Number of protein chains: 2
Amino acid sequence: MALGKDYATQECSIARALEIVGERWTLLVVRDALYGVRRYNDFLVHLGAPRAVLAARLQTLTSEGILEKRRYQESPPRDEYVVTERGIALWPTLRALGLWGREHFGEEQLRCFRHADCGTELGPYGECPACGTIVPVRDVLMVPGPGLDPDPADPVSRALLRPKRLLQPLEIDPA
Amino acid sequence: MALGKDYATQECSIARALEIVGERWTLLVVRDALYGVRRYNDFLVHLGAPRAVLAARLQTLTSEGILEKRRYQESPPRDEYVVTERGIALWPTLRALGLWGREHFGEEQLRCFRHADCGTELGPYGECPACGTIVPVRDVLMVPGPGLDPDPADPVSRALLRPKRLLQPLEIDPA
DNA sequence: CAGATGGGTTCATTCACCGAACCGAGGATG
DNA sequence: CATCCTCGGTTCGGTGAATGAACCCATCTG
């Protein structure tokens with residue numbers, strides 16, 4: 001966690017994980033990356049985090065192999081941050097955390113996750129109750145739930161209103 | 001999260017969850033509570049967190065209904081912090097996080113979780129592969145894995161070496 | 001050429017974390 | 001009955017991270 005006192009004495013994989021993704025904003029960056037956000041500016045707009053903090057987080061996530069920075073156009077040179085397998089592997093954690101948050105502190109469902117192949121809503125562990133299998137992240141379809149603001153201010157949130165598969169790059173309409 | 005900028009604009013259950021359990025040390029306190037730690041001093045010794053921070057976290061966790069503070073003896077008056085159902089519901093999150101940490105950053109397994117009824121090691125979602133059911137947290141048996149230091153310095157870590165069920169109050173030997 | 005865009009860096013302020021010291025109630029010890 | 005010890009904190013000065021606003025620079029666009 002790169003603070004004065006780290007979790008080094010902990011001898012625990014949870015602590016080790018938190019050293020990497022336990023800092024403020026980090027898990028939300030990964031969440032957005034799974035939702036298909038890839039560009040610095042889109043993260044910035046959607047998260048509302050300070051620019052310096054975002055830059056630092058993208059840096060660490062990249063060096064830890066959770067995101068990958070890659071050039072997607074020359075002239076002007078532009079990079080995007082794409083989530084790797086290691087980042088995708090955080091999906092069960094984020095799923096569990098989101099479920100806990102909704103069940104204990106949220107009223108309405110904000111986002112709904114379905115098995116893209118059959119349309120069934122995912123169970124608590126990311127499994128498809130109909131097919132009886134764990135749904136790969138690429139086959140998860142995210143659709144807005146009833147509690148979500150239907151007309152958000154920022155274009156990234158607007159783009160996230162459209163049903164889309166996880167990991168699919170986000171398409172922002174010029175609007 | 002009670003910082004200058006909170007996650008309020010996020011409209012997301014993950015962000016809401018992180019506002020509550022996303023601060024430094026918080027998830028480790030919950031982890032210890034699930035492991036059976038209940039007393040201020042035991043948390044202190046095992047975590048190595050600053051006293052003020054620990055007190056603050058126990059306070060928030062209690063007011064959020066994740067721990068419950070209760071008198072377990074008069075004279076001298078002593079309280080313990082017992083994890084509630086809401087706290088127990090964080091088990092899937094911690095399980096997923098620990099698994100991710102071990103698979104991607106740990107070498108050896110530090111702790112092993114088994115179905116107490118049949119001894120089978122839990123699957124990634126906390127299910128028993130033999131029985132085919134999700135194992136209730138109370139029926140999870142925690143045993144030390146090969147990577148765990150067999151002779152730790154503090155008495156809490158030593159007590160956690162003995163196989164024990166989750167939630168079962170920790171017994172520290174006087175030693 | 002002026003302005004916009006994308007992706008940052010710099011900087012002063014604020015705030016949380018840190019560790020050490022202190023504190024008070026209530027046994028235990030001699 | 002004076003002292004020490006334990007438990008569960010609080011207080012406090014110092015440090016380092018987060019914040020938000022400003023600035024920067026290369027490249028398009030009009």
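Lettering of chains follows the sequences in order, A, B, ..., and the numbering in each one begins at 1. As the structure is a prediction and not an experimental result, all values here were calculated from the model. Because only heavy atoms are used, hydrogens play no part in the values below, and waters and symmetry mates are left out as well, while side chains stay in.
Rounded to whole Å, the distance from CG on Asp79(A) to P on dT5(C) is 20 Å. In this structure, the CZ atom of Arg71(A) is 16 Å from the P atom of dG6(C), given to the nearest Å. One interatomic measurement links the two molecules: CD of Glu23(A) to P of dA16(C), which rounds to 16 Å at whole-angstrom precision. Taking atom CG of residue Asn41(A) and atom P of nucleotide dA4(C), one finds them 15 Å apart after rounding to whole Å. Computed from coordinates, the Glu74(B) CD to dC7(D) P distance equals 18 Å when rounded to whole Å. As a whole-Å value, the separation of Asp42(B) CG from dT6(D) C1' is 12 Å. Here dT5(C) presents its P atom at 14 Å from CD1 of Ile172(A), a figure rounded to the nearest Å. Regarding Leu54(B), its CG atom lies at a distance of 10 Å from the P atom of dT10(D), rounded to whole Å.
Dashed line: the shortest gap from a side-chain N or O of Tyr72(A) to OP1 or OP2 of dG6(C) is not under 4.0 Å. Here Arg51(A) does not reach the OP1 or OP2 of dA18(D): none of its side-chain N or O atoms lies under 4.0 Å away. Phosphate contact (OP1/OP2 of dA17(D), side-chain N/O of Trp25(A), threshold under 4.0 Å): absent. Taking side-chain N and O atoms only, Tyr40(A) has no distance below 4.0 Å to OP1 or OP2 of dT9(C). Checking the phosphate oxygens (OP1, OP2) of dG7(C), no side-chain nitrogen or oxygen of Lys69(A) falls inside 4.0 Å.
Looking at which nucleotide of DNA chain C each of Ala52(A) and Arg78(A) is closest to, the 5′-most match is held by Arg78(A). Each of Arg57(A) and Pro77(B) was matched to the nucleotide of DNA chain D holding its nearest heavy atom; the match closer to the 5' end belongs to Pro77(B).
Within the 4.0 angstrom heavy-atom criterion, base atoms lie near Val53(A). Among the protein residues, Phe43(B) comes within range of no part of the nucleic acid, since none of its heavy atoms lies under 4.0 Å from any strand.
The main-chain N or O of Ala153(A) is never found under 3.5 Å from a side-chain atom of Ser157(A) such that the two would form a donor-acceptor pair. For the pair Arg95(B) (side chain) and Tyr125(B) (backbone), a donor-acceptor distance under 3.5 Å is absent.
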(request) Apply salt bridge (Lys or Arg N to Asp or Glu O under 4.0 Å) to Glu85(A) and Arg138(A), showing your working. (result) CA-CA 11 Å; Glu85(A) 282 304 318; Arg138(A) 280 177 186 78; 3.5 Å; yes

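Using a 4.0 Å cut-off between a side-chain N of Lys or Arg and a carboxylate O of Asp or Glu, Arg162(A) and Asp173(A) qualify as a salt bridge.
Annotation: cation-pi geometry not satisfied between Arg38(A) and Tyr72(A) (NZ/CZ under 6.0 angstrom from ring centroid, within 45° of ring axis).
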